[in-house]
Amino acid sequence: MNTGRFSFLSRFRSPKALVLMYHRVGIPDTDIWEMTVTPENFEQQLQALKKTGNVIKLQELIDGLKAKKLMNNSIALTFDDGYADNYENAKQLLEMYQLPCTFFISSGLINKDEEFWWDELASIIFKSKVLPVTISITINHTFINMHLKDEVALDERQIAINASWKACTDPPPTLRCELYLKLWEALKPLPYTEQRKELSKIRAWANHTLPRAPKNKCMSAIQLQDLARNELFDIGAHTVTHPSLKCYNYKIQQSELRDNKEFLNRLTGRPINLLTYPYGNYNTETIKATEEAGFDAAFTTEEIPVRHHSQLYSLGRFQVLNLPRPGFERAIHYWQQLK
Ligand SMILES: [Zn+2]
């Protein structure tokens, strides 16, 4: 009797879907936040996904969720931020394998010769051949005071250690990594203009004169329009200046969402119905502003599958790491087993 009851329950267990999160496809100098998948691994991952036959458009997944008809084990692909490498490297592979994808775009850097603040910070800290021996700086009420000791001049050993550091899982292995993390934490909650101001102070302290890295550029308006022309792809919102939304009042959150949505809609002529929160950060006011701006759904970076009981404005996603096909398939299998 118990067995019968169990099979009854398992047959009617709520279906679940996975939303995968990518940021970049390319070959980075450093990848502290594990945001980049190489073109080779990306192609292997697409081959694995093609074989599952379960990849659907994110909007289709959301429509299924709203109708309580989620397709079990379906998978949707997303890219955040709007890096030019999405257009240059990911687009053609997605087209080759005919796999749909939604690109969530932070619109503030479109057509600008500017990097995201975290890339510029990485370039200053990890590429400056020589840094001053001490730094004493106050950012957002945080006093950062460090002595770089024998790491003032960059050597090959340090370059290799810094390049392999993964900040999400490992403590900083060098003083430069420790400094990067302290500055990153202090800069993250600041508004865009403050971030730029503090970054130019850090740049001046480092006497950093290297030009901005072209590989860190965001898509141009023309690239974005071209991407949006393909029905395989959808465009989603990711705010104007990439703020940690929960740090701001309702009005600012509202304008970050609305201005971004309107800009992307005007530029691409496509509906902008879905949103991803920068850094996955949100609060109750964010959800209110998201609903009011007319979004169908919004995504965090919390690694949980989508189920019928999931909240439309705090849906989970899984960050895809730079893995070849076997590791990627294991990750998908593991995520599909999650409760
Ligand atoms: Zn982002």
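What you see is a predicted model; the values in this text were computed from it and never measured. Ligands are counted one by one from 1 in listed order, and the atoms in each one are counted from 1 as well.
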Applying ring pair (Phe, Tyr, Trp, His ring centres under 6.0 Å) to F233 and F103, what does each step give before you reach the verdict?
CA-CA 7 Å; F233 305 133; F103 294 86; 5.5 Å; yes

Regarding D296 and Q59, is there a side-chain donor-to-acceptor distance under 3.5 Å anywhere?
yes

Quick one: CD1 on I125 to CG on L179, what's the gap to the nearest 0.5 Å?
4.5 Å

Which residues and atoms, counting only protein N, O or S, are under 2.8 Å from the Zn ion (ligand 1)?
D81 OD1, H238 NE2, H242 NE2

Residues E285, K246: salt bridge by 4.0 Å N-O rule
no

Classify the angle between the aromatic ring planes of Y22 and F79 as parallel (below 30°), tilted (30 to 60°) or perpendicular (above 60°).
parallel

Counting only N and O atoms by type, is there a donor-acceptor contact under 3.5 Å from the side chain of K68 to the main-chain atoms of H308?
yes

